[in-house]
Amino acid sequence: ITNAIYYDEEIVGFMMYTKNYEENELYLCRFMIDQKHQGKGYGKGALDKLKEIAMSDENINTIKLSTNPTNENGIRIYEKFGFIDMKYMDEGEEVFVLDLKK
């Protein structure tokens, strides 16, 4: 599923995710905010919306994502949001999980 992230009528980013019911997780495949729109809260707003989507599905218990280990800004945002670094790499990317505590 791909969703554009808008501010008014301007696209400022996008997110792609899939639901993996075998693992009871929503997997955030790609998440990008245009560089000129970073630092304005759009990323947190998009993560809030993604969490709402996951919470509304009784079969989803976690949100999982992976990111380049050099993505310091992204990692800071994910950890501030509550994602936990799982301390392993998947295809060269660091894996993070958010337990929805349902």
Side-chain angles (χ1 to χ4, degrees):
I1 300 169
T2 303
N3 289 332
I5 301 166
Y6 284 88
Y7 174 71
D8 287 331
E9 295 182 16
E10 183 179 1
I11 295 177
V12 298
F14 74 94
M15 65 171 56
M16 296 172 52
Y17 66 90
T18 185
K19 294 179 179 180
N20 179 345
Y21 289 115
E22 289 179 14
E23 300 290 328
N24 297 97
E25 70 184 19
L26 183 151
Y27 182 73
L28 181 59
C29 310
R30 287 289 169 252
F31 178 44
M32 300 177 111
I33 301 294
D34 184 303
Q35 188 173 3
K36 69 182 179 182
H37 294 290
Q38 292 178 6
K40 299 178 181 178
Y42 303 135
K44 183 187 181 307
L47 289 174
D48 284 336
K49 183 62 178 172
L50 188 68
K51 186 176 179 181
E52 284 178 31
I53 291 166
M55 292 295 289
S56 70
D57 188 325
E58 64 186 29
N59 297 307
I60 300 296
N61 296 322
T62 60
I63 300 174
K64 183 178 178 181
L65 63 87
S66 63
T67 189
N68 186 312
T70 63
N71 181 8
E72 295 175 11
N73 289 336
I75 290 170
R76 187 183 75 253
I77 291 166
Y78 299 139
E79 289 181 332
K80 187 174 180 180
F81 195 81
F83 282 88
I84 303 298
D85 184 347
M86 300 308 293
K87 305 294 183 193
Y88 73 89
M89 304 286 276
D90 182 17
E91 296 185 20
E93 293 193 332
E94 209 166 335
V95 177
F96 292 81
V97 174
L98 176 67
D99 183 350
L100 298 173
K101 298 178 176 35
K102 289 185 176 181

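Along the sequence shown, the residues carry numbers beginning at 1. Atom set for the values below is all heavy atoms of this structure, side chains included, hydrogens, waters and symmetry mates excluded.
Transitive grouping of hydrophobic side chains (ILVMFWY, heavy atoms separated by less than 4.5 Å) keeps V97 and M55 in distinct clusters. Under a hydrophobic clustering in which Ile, Leu, Val, Met, Phe, Trp and Tyr are joined whenever their side-chain heavy atoms come within less than 4.5 Å, directly or via other members, I77 and F96 fall into the same cluster. There is no path of hydrophobic side-chain contacts, each under 4.5 Å, that joins Y6 to I1. Clustering ILVMFWY residues whenever any of their side-chain heavy atoms sit less than 4.5 angstrom apart, transitively, puts Y78 in the very cluster that holds Y42. Placement of F31 and V95 in two distinct hydrophobic clusters is found when ILVMFWY residues are connected by side-chain heavy-atom separations under 4.5 Å, directly or transitively.
By the salt bridge (Lys or Arg N to Asp or Glu O under 4.0 Å) test, E52 pairs with K49, sequence neighbours left out. F81 pairs by the side chain to side chain contact (heavy atoms under 4.5 Å, CB included) definition with K44, L47, D48, K51, F83, L98, not counting sequence neighbours.
Within the 4.5 Å cutoff, the side chain of D99 has no heavy atoms near those of the I84 side chain. No side-chain heavy atom of Y17 sits under 4.5 Å from any side-chain heavy atom of I63. The shortest distance between side-chain heavy atoms of E10 and D8 does not fall below 4.5 Å.
Among all heavy-atom pairs drawn from L100 and A54, the shortest one is CD1-CB, 3.6 Å. Nearest heavy atom pair, residue K40 against residue K36, reads NZ-O, 3.3 Å. The two residues E25 and I60 come nearest to each other via the heavy atoms O-CD1, 3.4 Å. Taking both residues in full, the closest heavy atoms of P69 and G92 are given as CD-O, 3.4 Å, listed atom of the first, atom of the second, then distance.
The distance from the OG1 atom of T18 to the NZ atom of K64 is 12.0 Å, given to the nearest 0.5 Å. Atom CD in E94 sits 7.0 Å away from atom NZ in K87 (nearest 0.5 Å). With values rounded to the nearest 0.5 angstrom, Y21 atom OH is found 3.5 Å from D57 atom CG. Atoms CD1 and CZ, from I5 and F14 in turn, are 8.5 Å apart once rounded to the nearest 0.5 Å. The distance from the CG atom of L65 to the CE atom of M15 is 10.5 Å, given to the nearest 0.5 Å. Separating the CG atom in L50 from the CG atom in L26 is a distance of 5.0 Å, to the nearest 0.5 Å.
Using a distance-only test at 3.5 Å, with no hydrogens or angles considered, no donor-acceptor pair links the side chain of N59 to the main chain of N24.
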